[in-house]
2 protein chains.
Amino acid sequence: MTDEKTAILKGTLDMLILKVVALGPIHGYAISQRIQQISKDYFQLQEGSLYPALHRLENRGFLAADWQSTDTGREAKFYKLTRKGRKRLETEMEGWERMTEAVALILRTAE
Amino acid sequence: MTDEKTAILKGTLDMLILKVVALGPIHGYAISQRIQQISKDYFQLQEGSLYPALHRLENRGFLAADWQSTDTGREAKFYKLTRKGRKRLETEMEGWERMTEAVALILRTAE
DNA sequence: GGGGTAAACATAGGACTCCTAGGGGTGATC
DNA sequence: GATCACCCCTAGGAGTCCTATGTTTACCCC
């Protein structure tokens, strides 16, 4: 059952992650916090969504990772964009623009 | 594999259909044409997506259907919005607004 | 020292949605 | 009478997100 709680539209998450990583190297756990913070709590990213997404982005060559220690003294996997990932982000953003415009065309149609 | 061809964002289709049906009673086949036309060919709705969507919208009580004949003299299943469907469309449109705003917040973040 | 909490990672399984690829019937057109 | 456009339908697969659960380590408090 698709209920109203499904906040993140399927297919959007990758773009959001790429965008946040584009702001600077960052580890997974912090990505989810950052997305939540920037979106003013609209997106509450679950870890069960986050980590699989990170792995597939890495597998596809959009992200590169290495282990470093955080401010709080723990080991964490820091991600950064690859060149391919930067391109991907661009095309995804353009696609998002076109898509939302197409939706807007329909939603604004008054008979 | 998620490639760039995936035009319709999962979860958006129901809203688009409800909106088009809200413009006036219309049968399934015409819905897909109308969506394609209004969106200036951006959305090319497949029948394998359309009909299952119509059935679930009907099952959930958002659409009501009856058979009538078209201009071209064929039998077709005409859909119209129920009261519940009209409410659903409203909440989906509000949700869409909030969601795209949240995405915009993230996409426009320039460190 | 022991217990609790937050940070940080991970995976399995289910639900849902969309698409591909079929199938079928009818009216119009050449 | 064959082809095309119209009009409906379903099964199966791929992909994405979520729930639920598990692990380890740093920190805090008593």
Side-chain angles (χ1 to χ4, degrees), chain A residues 1-18 25-37 42-60 62-63 65-79 92 99 103, chain B residues 1-18 25-37 42-60 62-63 65-79 92 99 103:
Chain A
M1 192 110 55
T2 300
D3 50 354
E4 298 70 17
K5 287 176 47 209
T6 304
I8 298 195
L9 213 47
K10 304 187 181 174
T12 310
L13 181 56
D14 286 11
M15 180 177 67
L16 298 182
I17 291 176
L18 289 176
I26 185 172
H27 64 272
Y29 193 83
I31 291 174
S32 68
Q33 294 179 313
R34 202 106 165 72
I35 286 180
Q36 177 165 350
Q37 170 216 339
Y42 181 85
F43 293 119
Q44 315 223 345
L45 184 45
Q46 306 306 314
E47 305 197 6
S49 310
L50 171 68
Y51 292 110
L54 287 174
H55 297 157
R56 73 173 166 256
L57 288 171
E58 191 178 0
N59 285 337
R60 292 180 195 169
F62 300 137
L63 294 180
D66 59 340
W67 290 87
Q68 297 177 22
S69 44
T70 67
D71 305 342
T72 61
R74 280 193 207 77
E75 288 296 295
K77 216 167 162 184
F78 279 75
Y79 290 91
E92 286 213 12
M99 197 272 293
V103 169
Chain B
M1 194 114 47
T2 300
D3 52 353
E4 298 69 17
K5 288 175 45 208
T6 304
I8 298 196
L9 212 47
K10 302 187 182 171
T12 310
L13 181 55
D14 287 9
M15 180 176 67
L16 298 182
I17 291 177
L18 290 176
I26 185 171
H27 63 270
Y29 193 81
I31 290 174
S32 69
Q33 293 180 314
R34 202 106 165 71
I35 286 181
Q36 179 165 349
Q37 171 215 338
Y42 182 85
F43 292 120
Q44 316 221 346
L45 185 45
Q46 307 306 313
E47 303 197 6
S49 310
L50 171 68
Y51 292 109
L54 288 174
H55 297 158
R56 74 173 166 254
L57 288 171
E58 192 178 359
N59 286 336
R60 293 180 195 170
F62 301 136
L63 294 181
D66 59 340
W67 290 87
Q68 296 178 23
S69 44
T70 66
D71 305 340
T72 61
R74 283 193 205 76
E75 288 296 295
K77 214 166 164 186
F78 279 74
Y79 290 92
E92 286 212 13
M99 196 272 292
V103 170

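All chains are named by letter (A, B, ...) in the order of the sequence lines, taking the proteins before the strands, and each is independently numbered beginning at 1.
A donor-acceptor pair under 3.5 Å is formed between the side chain of Gln46(A) and the backbone N or O of Gln44(A).
Taking only side-chain atoms of Ala76(A), from C-beta outward, the nucleotide of dC9(C), dC17(D), dT17(C) with the closest atom is dC9(C). Distances from the side chain of Ser49(B) to the nucleotides dA8(C), dC6(D), dC19(C) place dC19(C) closest. Closest contact between the side chain of Arg60(A) and the listed nucleotides dC6(D), dA8(C), dT16(D) involves dT16(D). Relative to the side chain of His55(A), the nucleotides dT25(D), dT11(C), dC9(D) differ in distance, and dT11(C) lies closest. Minimum atom distance to the side chain of His27(B) is reached by dC7(D), of the listed dC7(D), dA10(C), dC9(C). Taking only side-chain atoms of Tyr51(B), from C-beta outward, the nucleotide of dT16(D), dT10(D), dC18(D) with the closest atom is dT10(D). Of the candidates dC9(C), dC9(D), dT17(C), the closest approach to any side-chain atom of Tyr79(B) belongs to dC9(D). Closest to the side chain of Arg74(B), out of dG27(C), dT10(D), dA26(D), is dG27(C).
Heavy-atom minimum distance, Tyr42(A) versus Met99(B): OH-CB, 3.4 Å. Contact record, Gly11(B) with Leu9(A): CA-CD1, 4.2 Å, taken as the closest heavy-atom pair.
Proximity of Arg56(B) to the phosphate of dT10(D): no side-chain N or O atom is located under 4.0 Å from OP1 or OP2. Proximity of Lys77(A) to the phosphate of dA10(C): a side-chain N or O atom is located under 4.0 Å from OP1 or OP2. Remark: Thr72(A) is in phosphate contact with dA8(C), judged by side-chain N or O atoms under 4.0 Å from OP1 or OP2. Phosphate proximity of dC9(C) to Tyr29(A): absent, as no side-chain N or O sits under 4.0 Å from OP1 or OP2.
If you take CG of Leu9(B) and P of dC19(C), they are 11 Å apart, rounded to a whole angstrom. Between Glu58(B) atom CD and dT10(D) atom C1' the separation is 16 Å, expressed in whole Å. dC8(D) atom C1' lies 13 Å from atom CZ of Phe78(B), rounded to whole Å. When rounded to the nearest whole Å, the span between CD1 of Ile35(A) and C1' of dC18(D) equals 15 Å. Atoms CG (Leu63(B)) and C1' (dC8(D)) sit 16 Å apart, rounded to a whole Å. Distance CG (Leu50(B)) to C1' (dA21(C)): 16 Å, rounded to an integer number of Å. If you take CD1 of Ile26(A) and C1' of dA7(C), they are 14 Å apart, rounded to a whole angstrom. The distance between atom CD1 of Ile31(B) and atom P of dC7(D), rounded to the nearest whole Å, is 12 Å.
Within 4.0 Å (heavy atoms only), Gly48(B) reaches at least one base atom of the nucleic acid.
Ring-plane geometry between Tyr29(B) and His27(B) is classed as parallel, the angle between the planes falling under 30 degrees on a 0 to 90 degree scale with a further cut at 60.
Put simply, the side chain of Leu13(A) reaches to within 4.5 Å of the side chain of Ser49(A), judged on heavy atoms. Between Leu54(A) and Lys77(A) the shortest side-chain heavy-atom distance does not fall below 4.5 Å.
With hydrogens and angles left out, the side chain of Glu75(A) and the base of dC9(C) share no donor-acceptor pair within 3.5 Å. With hydrogens and angles ignored, a donor-acceptor pair closer than 3.5 Å exists between the side chain of Glu47(A) and the base of dC9(C).
Nucleotides of DNA chain C nearest to Thr70(A) and Gln46(B) differ in position, and the one nearer the 5' end is that of Thr70(A). For the pair Leu45(A) and Pro52(B), both in contact range of DNA chain D, the more 5′-proximal nearest nucleotide belongs to Pro52(B).
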